[in-house]
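In what follows, chains are A, B, ... by sequence order, proteins preceding strands, each numbered from 1.
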Amino acid sequence: MQTPVPPPADYLARLNPEQRAAVETIDGPLLVLAGAGTGKTRVLTTRFAHILLTRRAFPNQVLAVTFTNKAAREMRERVSAIIGQPAEGLWLGTFHALCARMLRRHAEHAGLSANFTILDTDDQLRLLKQVMEAERIDTKRWAPPGMMGVIQHWKDRGLTPARITLAEDSDYANGKARLLYTLYQERLRTLNAADFGDLLLHVTEILRTNPDILADYHRRFRYILVDEYQDTNLIQYLWLRLLAQGHRNICCVGDDDQSIYSWRGAEVENILRFEKDFEGARIIRLEANYRSTAPILAAASGLIAHNEGRLGKTLRPGRTDAQKGEKVSIVELWDSDEEARMVGGKIEELRREGHSLAEIAVLVRAGFQTRAFEERLITLAVPYRVVGGLRFYERAEIRDAIAYMRATVQPADDLAFERIVNVPRRGVGDAALRTMHEAARSQSIPLSVAAGRLVEAGGLKGKVKEAVGTLLRQMAQWRDLLGKDGHVVTVAAMLDESGYTEMWKQDKSPEAPGRLENLKELLRALADFETLAGFLDHVALVTENEEQPDDAKVSLMTLHGAKGLEFDTVFLPGWEEGVFPNQRAMDENGNKGLEEERRLAYVGLTRARRRAIVSHAANRRIYANWQPSIPSRFLEEIPAEHVQQANSSSMARDRRVAAATSFPTQFPLQARRPRVIEVWEQPGRPARTDSIPVGARVFHQKFGYGTVKAVDDDKLDVHFETAGDKRVLDRFVERA
DNA sequence: AAGGTTAATGTTTTT
DNA sequence: CATTAACCTT
């Protein structure tokens, strides 16, 4: 390469010394340990731009890898902004998108042709289920999703069926796991399809076994940049290591404290392995946090300090105004309803004070928890959005439309054909489908081809024969049309002529108009792509929801969904043992599971710029019934000097009452929780000591004194003196 | 082949 | 409780 030209310094001058070092340490392996809010993305994009501006490499000689399309888009935009022109011809994208691109170039090495289909999770599962049923596996005893998990885990670790040794074999499905995996992979090849895991697995396998291809990529990629490195799984690591062996200019940015995807195969150990595999690797820590106030940082730091085996980073406030911040609020509430009212009330208050709703988020452990807050915000007429619901391309009507496209351009795609052959209803039921499957299997031909032969040879009769014949003829016409009039016209014809659009027009359900609207949106999106193949790739790889974050709406989302985001005000409800930390995470993964939950809590707290309001309720509804709950251990782990307790008025009243009556409902906030949480380990309601008769005078913690009007098993209808008529559970009242 | 009924089962999720 | 998938009836 030519002598580096001194860069215009302005983009470097805006960095702090450690960030600048991370940008300017260009050659050789580099690991950047970047704490939350320390300018990780800025370093990565500036580094990218720096490589280009100092002419160390052309844009197409840099490989930049992210986990999400959003991160990839952001990086592309920010690099463009720094270099002052649209960044084109970049190898910048998600692991999967980059691998898909590579695999299309070398598909034949994996037994596929270049136009292979990328299957989504639904297709994967249907295919595996078919394989399992063909092998006469009892799918009641061995559920296909479980088997899928085994296969995915193997793929995550770079294990092709041939590489699975006895030691790695699973006893799943009575020792047939490896066989099922082999058969599943064979079916994928027959369908000319790859699942998500295959994209990485195939490419890595090709790089491993074809030195010439690998050498070609070594020549190409002078610099490699990796985002969210703590989230990489083994196969991703192997892929990176193979590609980085050429120039050894690999820079990985990550934060072990934000590793929250181990259940998806991510291995934090990849950070430790980095130093071993890349000898002489430099490590730079980014510890100045520019996002949050000092109390929030101290609270988060104190919490995460309870984890063992950290690489060790200490966040320090980088903002000049950081010291002025409020302490982290911890609010104790009577039950989950009151918690929702508290959050709703505080949001209203913030709104009145002029805070933008876009700067407020409610972060929960599990998706279903958003509902309580949704309901409350609807009542209060506060606009909100739930981030991360059903994605556009996952909607049934969109997947149907895509199946039409896939079946048309890819006659080998049995899954797509099977999906559409009776949608809209054509009278093709189980029996007809079985006939087609048998013909396909006995002659080793695709389902659609078998269907064609059955129509001609009379294997299908009457109405079914007519319907399938018509569909196949239409598909042939659409293929012609695609060559002549292009993909937008063709897809419009598909939806129209197949009767698919008509089906939804006839549908009287309230969702039907929305579905038609989505189909129109699909056609609009289609026009943005030059080819149908390009669009199908996009659909398979870009599943995220497009959203406008500048909307004046409160964001409701899971803690996982919030990673990488920040808000002025963050509500963190449901900090109760069993909910958060999640009981299942602890049961299944022990202390490792607990530590990941703690990292999740750390991620949650560090999303807040100015205000964090953590809350927990003493009673929570689990499915049908109310259960008392214990404050999360994480609450005690936040250093007390950075916390302000703020209890609701009803809680304060209950406290006084509880003290006076010795009714054991409250767990004092600072009390140590019992080691065994009985509520979760013994599901079902506690045994009643005595029944309460009609007419009895009772006392309730929340509603006060009243008289029992009726008894229904464990539910009482009570007329309370101050609260009126209520239906309550008997274990929540005492004889007065 | 379609619709209604019952039983099982409840994290986190990107690609 | 509430959702969904499998099952059974017509």
Let me have a per-nucleotide readout for nucleotides 2-10 of chain C, 5' to 3', with B, S or -, counting only protein heavy atoms under 4.0 Å.
-> ----SS---
Would A/V614 and A/L605 satisfy side chain to side chain contact (heavy atoms under 4.5 Å, CB included), going step by step from the backbone distance to the final call?
-> CA-CA 9 Å; A/V614 182; A/L605 281 170; 4.3 Å; yes
For A/G429 and for A/E394, locate the closest nucleotide of DNA chain B by heavy-atom distance; then report the residue assigned to the nucleotide nearer the 5' terminus.
-> A/G429
Between A/Y623 and A/A540, just flag the one whose closest nucleotide in DNA chain B comes earlier from the 5' side.
-> A/Y623
A/H106: partners by side chain to side chain donor-acceptor pair (under 3.5 Å), with sequence neighbours left out |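 Per chain and number, A/H106 pairs via side chain to side chain donor-acceptor pair (under 3.5 Å) with A/Y217.
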Heavy atoms only, 4.0 Å cut-off, all strands: where does [X] land among base, sugar-phosphate and nothing?
| X | answer |
| --- | --- |
| A/G427 | sugar-phosphate |
| A/R426 | nothing |
| A/D120 | nothing |
| A/R365 | base |
| A/F67 | sugar-phosphate |

Nearest 0.5 Å please: distance from the [atom1] atom of [X] over to the [atom2] atom of [Y].
| X | Y | atom1 | atom2 | result |
| --- | --- | --- | --- | --- |
| A/F634 | A/S632 | CZ | OG | 5.0 Å |
| A/L207 | A/M102 | CG | CE | 6.5 Å |
| A/Q152 | A/D156 | CD | CG | 7.0 Å |
| A/E418 | A/L415 | CD | CG | 6.5 Å |

What integer number of Å spans the P atoms of C/dT3 and B/dT12?
->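 Their P atoms lie roughly 15 Å apart.
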Its 5'-most and 3'-most nucleotides having an atom under 4.0 Å from a non-hydrogen atom of chain A, DNA chain B is contacted over B/dA1 to B/dT15
Modelled atom types, side-chain donor and acceptor of A/E339 and A/Q369, under 3.5 Å |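 No, because no side-chain N or O of A/E339 sits under 3.5 Å from a partner of the opposite role on A/Q369.
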Between A/D120, A/L128, A/T121, which is the residue that forms a side-chain contact (heavy atoms from CB on, under 4.5 Å) with A/Q124?
->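 It is A/T121; the other options fail the test.
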So, with a heavy-atom separation below 4.0 Å from DNA chain B, the residues of residues 227-235 of chain A are none
For DNA chain B, which residues in residues 91-104 of chain A have a heavy atom at a distance below 4.0 Å?
->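 Heavy-atom cutoff 4.0 Å gives A/T94, A/H96.
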So, for [X] and [Y], which heavy atoms are closest and what is the spacing to 0.1 Å?
| X | Y | answer |
| --- | --- | --- |
| A/S555 | A/F567 | OG-CE2, 3.9 Å |
| A/A340 | A/A372 | CB-O, 3.9 Å |
| A/F116 | A/A107 | CD2-CB, 4.3 Å |
| A/E228 | A/F67 | O-CE1, 3.3 Å |

Atom pairs and distances, side-chain donor-acceptor, residues 235-242 of chain A, under 3.5 Å, sequence neighbours left out:
from	atom 1	to	atom 2	distance (Å)
A/Q236	OE1	A/N233	N	2.8
A/Y237	OH	A/D277	OD2	2.2
A/R241	NH1	A/D277	OD2	2.6

